[in-house]
Structures are given as C-alpha cells and as structure tokens.
Q: 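Below is one structure. I have some questions about it.
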Amino acid sequence: MSLNIKDLPDEHLFTPGHTACPGCAAPIVVRNLMKVFGKDTIVYAPANCLLVFGGTYPYIAWKVPYLHEAFENTGACISGVKRAVKKLGKDSLVVGIAGDGGTYDIGIQALSGAAERNEDVIYVCYDNEAYMNTGIQRSGSTPFGAATTTTPVGKKIPGKTQNKKNMAEIMRAHEIPYMATMSIAYPKDFLRKAEKARDTRGFRYLHVFSPCPTGWRHDPALSIEMGRRAVESGMWTLYEAEYGRITDIYKPKRKIPVKEYIRDQGRFRHFTEEMVAKLQEYADHKWKQMYGSLPEEKPE
Amino acid sequence: MAAQTYALAAVMEDNYAVSFPFFGAERRGAPVMAFTRVDKDVIRIKTQIYEPDYVVVLDETLLETVDVLKGLKEDGMVVINTARRPDEVQLSREVNCATVDATSISLELLGRPITNTSMLGALARATGEVSMESIERAIMEKFGGKLGTEAGEKNARAARKAYQDLQVGMCRGGKDFVPRKEWLPTVQEMPLGGSIGALETEAGLVGIGSFVRNKTGDWRTFIPHVDHDKCIGCRMCWFYCPEGCITMEDQKAVIDFDYCKGCGICAQECPVDAISMERERR
Ligand SMILES: Cc1ncc(C[n+]2csc(CCOP(=O)(O)OP(=O)(O)O)c2C)c(N)n1
Ligand code: SF4
C-alpha cells in the first residue's frame, strides 16, 4: 500500500518560522519529503533559497542533522557524508536538496559523478526554473521566453531565447537505481515516489517542480495550481525510471493549451501570439515524446 | 524599484541621484532596505546611508521590532504606511512624522497590497523636493515600461492618492527598543565537531529546530478563516500549508496565526471551500 496524506506524521522535521516567501512551494516540498524520509536523515543543502529561508546561523528550521557547503558540490558532499556515516556503523539516510541552478548548471559535474559511482544517497532538485535566491537570474531550467533579471524583456530580445534543458532525461541516462519527476500538485504520486526513493538502495534522483510566486510573478495562492497546470499543459511530466528504463508515466486526464499555464505568470506577460505558438510547439513535442506510446485514457 | 524610481524623478528635475538596495537576500516579506541619495551636485559617496534626512517605512509591523529612527537627523522625517495618524504612532523619539494608509490605497487601486509606488507619492509630498508630476512620469517609465501602460497608470494613480492623503505631524517618543541579544560563537568557540544541537542561550533557543521561535505571522496582509461546519478534515490544507502551521483538532483544520503568512494556498486548495481570505485589520 502506498502512502496517503493521512498516513503522514504530525511532527515537522522542517519547522514553521522559516522565512520563505509567502506561497513558496519549496517548504511544502521539503516538509513533506521529510515526513516520508523520517528522523534518521541527514540533510545537505548548497547555496539556494532553501538554505537561507531554512535557517540563518545560529537559528535553523531543521530538526535533523543538517549541513551546508559550497554551491557546486552537493553530489560530492552527500557521497562523503554517507561514507562517513557507514564508517561509523550507521545507516542514516543522506539527502542533498539543491535548486535548479545548483543542479542543472553549477552542480552537474558533482551530481553526475555521484550518480555514476552509484553512491547510496538521495539527490533532490527543487526546480523553480531560475536562480531565485540571488534575485531571479536565468538558469538552464528557465523555460523559453521567461523574463528573468539576466534575460530581461528588451525591444529586440524578449526573455530567454533557449528552451528548458531536459535534466530529468540526463539523469535517466545515468541508469541509476531510481529517478522520478514529481509535483506537489499530485500528492499521492509525490508521496509514493518519495517512499520508493527512501526504500531503494544506491543513487536516487528526485526532481520536484517548485513554483516560485516571487520569481514567476504569480499570486502566491496559485502555487499548487501552477504545478497542476504545468503537468496538464505538458510543460512538466511526471514519470519514473529504474536503471534507465521508464516504469511509470502519469498522463493527465486532459490537455490544456500552454496559454492557460502562462496566463497568470508575470514572467510570461510580454508573450506575443508568436511566442505562445513557439512554447506550445515545445509542449506538444514533449507531450508526444512522453505520452506518444500510451493509450489515450489512463485511469489514476 | 521604488528607491530607483524616486531617484529617476529627481534626475528628471536636473538633480544628481543614486539609489541601490541593501546587499542581502531579497525575498518577499523579509525586511529589506534600499537607499536613495539626491543632490544638486555630482555624488561621489558610494556608501549606504547611515544618517538619512528621510526614512520611509513600507511595513508598519517593523516599528515594533526595529528602531527605524536610528541615525535619522534631528530635523529629519519618518514617512510611514499606516492607517494611524502621526500622533498615534509611538517611536523612540519625537520627530516629524507623516502617515498614509498605502496598503488600503494599493488594495483599492492595484488590487494587491504592494505599497511601494503609493509611498513614492507620499514621499514626494513629504520632501517637497520632487514634484508629483515627475514621480508620475518616473513611475510610467519604470513600471509602465515593464508591466504595461495600464499597470503603470494604476500605480501612478495610487501614488497621486497617497500624495493627497498624506497626514503630516509629529509622532510620540519614548518607545524603548531592547536590542536583540545575539549568540554568535566563532568556529573556535563552537562545540567540538562544529555542530549545534538545540540549545537555550541568553539569545533564546538556537540550533536544531530553533526557527520555531521566529514568528512570521506579522508578514500577513490577508488572514484565512476556516469554517468548521464546512471542513471535512481531509488534510489538504495541512499538507499544502507552506508554513506547516495548520494542525488538525477533532478532524478540523486549525491555523496557528503566529506563523501564517497569509499566502492563501489553503483557501485556494480546500476542496469544499471551507477557507476564506479576509483583509486583516490589526
Ligand atoms: C560558487 C558560488 N557562486 C555563486 C553563489 C551565489 N549564489 C547563492 S544562492 C545562488 C542561487 C541559487 O539558485 P538555485 O540553485 O536555482 O536555487 P534557488 O535559489 O532558485 O532555490 C547563487 C548564485 C554562491 N553561493 N557560490
Ligand atoms: S524567491 Fe521563490 S523559491 Fe525563493 S523563497 Fe521566494 S518563492 Fe521560494
């Protein structure tokens, strides 16, 4: 039986009092992940929003052993921590939680190395599609056309000119024991994958879509709704793979145009019909790529 | 952005001006600062401003925890976003004080509690050093260019309204600020291994789990209300609350307002619409 919301413990291992922006999805992600991972977990965070809103020395929201090192070496640090723990004769779960900047861009070498060595750790990427902590700079994860402070909307170039990098597929290609893409808008799926990662051995990669009201400029109340629309529009896909072989794909019950996804986000406000069409083309391509081989209707 | 816009308005009137933010994490809700320097001459000083002529306070909850008058010149003025009159505000000393309810103005004209443009109008009136017309032009250039003409005009209207509504007077003095005690041992002083467990110190609880003492409830503009007759105890809000400040008592959601930041996710996600958001009156 897989986990339900009602099975989660009441105790928070990531406490209230943290300083994330109102409506930020990242604390929802980490608090609920921790409820599944449990107390015998050691958490590592590189430089990112989570690091800062989760504590400023000497105050901290974590109730488990927690450490922080540099921005680029999450993969290396969690590898080392796990080996040290083993040496002490313990078997704590070791988890690294990095942003998209820390995963797609600066942290990719350490991550790839740890995955290739099949270290016994969980790597979580919470993906808010830009470097948010330092004030919204574009990352490899930022989608086409989005306005950030380093891809501003000018007269000639309106927002980011490249598409989002397909990081999840890069990780699948590492043929690790387990990888999954997730979204808190789908709690049952989210909890099942977290549990599966907890109970698997070897390198596990969890990639969680994490709307950011500050950087995406949407109403803070809509953070979950944005996660839902991302999946329904094909801008984000929920799937998982073991040793590189896809074992499950969640196909949403309906497909909405990307227009509905980008409508309430300020970072896409400048979109012309032409740009919408270009983003739609990307989403359609992804949709076909991911769901092409699936039957039309798939019950939940 | 507001600090830059004021600088731009000053430049439009043939002044020199510079503006820059305080260096640190800039995140919504967290206290942040920005500085603007205006002069008839070239400005060569590049430091933060320690002895301002004017202090603008966008969030009045700061008045409780921070002595906003620190460094303010004797004949300086503090401009506050509050529904109170200047003489109803108590600060560390008696100084020139101007107040305006920018939150209400912004909610009415912009539909959102973002008060920085309204406060620009208030500041223009308080300083008398730049005209309201230049503020409007600067807002159109800074905000209109980015958010579209319509949004620019709305913001300019909000500034104009705050300009008109500003009340000028003196605040009361005598409020005591006890500086927060700090506990910041260096690496050498840290317990062996460099890790801190939960520890009661003279600065309060530090270490593991100590952020629970950090009450974030004063960030709120809107407050959720749970209708217990409608609540079916499904725990959706409990799962989704970013603060983790919802508990279930007798199968009903109960919100801890010490932490609730008023994001509205619970109201949005409740499957039976048992939660509604209201403007909070403090
Ligand atoms: C080597 C290095 N370069 C730059 C920084 C500054 N820095 C701190 S956090 C951050 C952004 C993190 O972005 P991301 O990983 O996407 O996480 P987010 O803040 O968006 O959650 C940057 C650039 C740093 N700490 N170290
Ligand atoms: S900037 Fe975005 S990711 Fe960072 S704390 Fe704010 S909402 Fe969360």
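These numbers were taken from a predicted model, which means no experiment stands behind them. Protein chains get the first letters and strands the later ones, always in sequence-line order, with residue 1 at the start of each.
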Q: A:L222, A:I60, A:V30: which one forms the most heavy-atom pairs within less than 4.5 Å of chain B?
A: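 Highest number of pairs under 4.5 Å: A:I60.
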
Q: Under a 4.5 Å heavy-atom cutoff, which of B:G148, B:C266, B:C245, B:G207 has the most pairs with chain A?
A: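 Most heavy-atom pairs within the cutoff with chain A belong to B:G207.
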
Q: Need one label for A:N32: side chain, backbone, both or neither, based on atoms under 4.5 Å from any heavy atom in chain B.
A: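 It is the side chain, since no backbone atom gets that close.
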
Q: State, without any angle test, whether A:T148 and A:T151 hold a side-chain donor-acceptor pair at a distance under 3.5 Å.
A: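 Yes, side-chain donor-acceptor contact under 3.5 Å.
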
Q: Could you tell me which portion of A:T56 (side chain, backbone, both or neither) has an atom closer than 4.5 angstrom to a non-hydrogen atom of chain B?
A: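 When you check distances to chain B, atoms from both the backbone and side chain of A:T56 fall under 4.5 Å.
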
Q: Looking at A:W62, A:Y57, A:Y66, which makes the most heavy-atom pairs under 4.5 Å with chain B?
A: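 Heavy-atom pair counts peak at A:Y57.
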
Q: Measure A:L8 against the heavy atoms of chain B and call it side chain, backbone, both or neither at under 4.5 Å.
A: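 For A:L8, heavy atoms of backbone and side chain both lie under 4.5 Å from chain B.
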
Q: Mind checking what makes salt bridge (charged side-chain N to carboxylate O under 4.0 Å, His left out) contact with A:K196, not counting sequence neighbours?
A: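 With neighbours one apart ignored, the set is A:E242.
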
Q: Specify which of A:T15, A:I224, A:I184 makes the most heavy-atom pairs with chain B at under 4.5 Å.
A: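 Ranked by contacts with chain B, first place is A:I224.
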
Q: If you take all heavy atoms of B:E278 and B:S276, which pair is closest and at what distance?
A: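 What the structure gives for the nearest pair is OE2-OG, 3.9 Å.
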
Q: If you count heavy-atom pairs under 4.5 Å with chain B, which of A:G266, A:G17, A:G55 comes out on top?
A: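 Answer, by heavy-atom pair count under 4.5 Å with chain B: A:G17.
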
Q: For the ring pair A:Y250 and A:Y186, is the centre-to-centre distance below 6.0 Å?
A: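 Distance test on ring centres: under 6.0 Å, yes.
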
Q: Taking the six-membered ring for Trp, is the centroid-to-centroid distance between A:W216 and A:F209 below 6.0 Å?
A: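 Ring centroids of A:W216 and A:F209 are less than 6.0 Å from each other.
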
Q: At a heavy-atom distance under 4.5 Å, which candidate from A:H12, A:K6, A:K63, A:R31 has the highest pair count against chain B?
A: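 If we count pairs closer than 4.5 Å to chain B, A:R31 comes out on top.
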
Q: Can B:N81 and B:T103 be counted as having a side-chain donor-acceptor contact under 3.5 angstrom?
A: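 Present: a donor and an acceptor within the cut-off.
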
Q: Pull out the residues in residues 224-239 of chain B that come under 4.5 Å of chain A, heavy atom to heavy atom, sorted by number.
A: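 The list, in residue order, reads B:G233, B:C234, B:R235, B:M236, B:W238, B:F239.
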
Q: Enumerate the residue pairs fulfilling salt bridge (charged side-chain N to carboxylate O under 4.0 Å, His left out) with a member in residues 253-273 of chain B, sequence neighbours excluded, ordered by first and then second residue.
A: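 Qualifying pairs: A:R228-B:E269, B:K215-B:D258, B:E243-B:K261.
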
Q: Using heavy-atom distances under 4.5 Å, tell me whether B:A203 contacts chain A through its side chain, its backbone, both, or neither.
A: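 Both backbone and side chain of B:A203 come within 4.5 Å of chain A.
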
Q: Of all residues at least two apart in sequence or in a different chain, which pass the side-chain hydrogen bond (donor to acceptor under 3.5 Å, both in side chains) check with A:R254?
A: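 With sequence neighbours excluded, A:R254 shows a side-chain hydrogen bond (donor to acceptor under 3.5 Å, both in side chains) to A:E232, given in chain and number order.
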
Q: Is a salt bridge present between A:K259 and A:E273, judged by a nitrogen-to-oxygen distance below 4.0 Å?
A: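 Salt bridge: yes.
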
Q: With a 4.5 angstrom heavy-atom cut-off, could you sort out which part of A:H18 is near chain B: side chain, backbone, both or neither?
A: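 Contact with chain B: backbone and side chain both.
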
Q: Side chains of A:Y131 and A:F71, heavy atoms from C-beta outward: is any pair under 4.5 Å?
A: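 With C-beta onward as the side chain, the pair touches.
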
Q: Is the closest basic N to carboxylate O distance between B:R137 and B:E141 below 4.0 Å?
A: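 No.
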
Q: Does A:E129 come within less than 4.0 Å of A:R138, counting only side-chain N to carboxylate O?
A: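 So A:E129 does not pair with A:R138 through a salt bridge.
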
Q: Against chain B, label A:V29 side chain, backbone, both or neither, depending on which of its atoms sit under 4.5 Å from a heavy atom there.
A: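 A:V29 has no heavy atom closer than 4.5 Å to chain B.
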
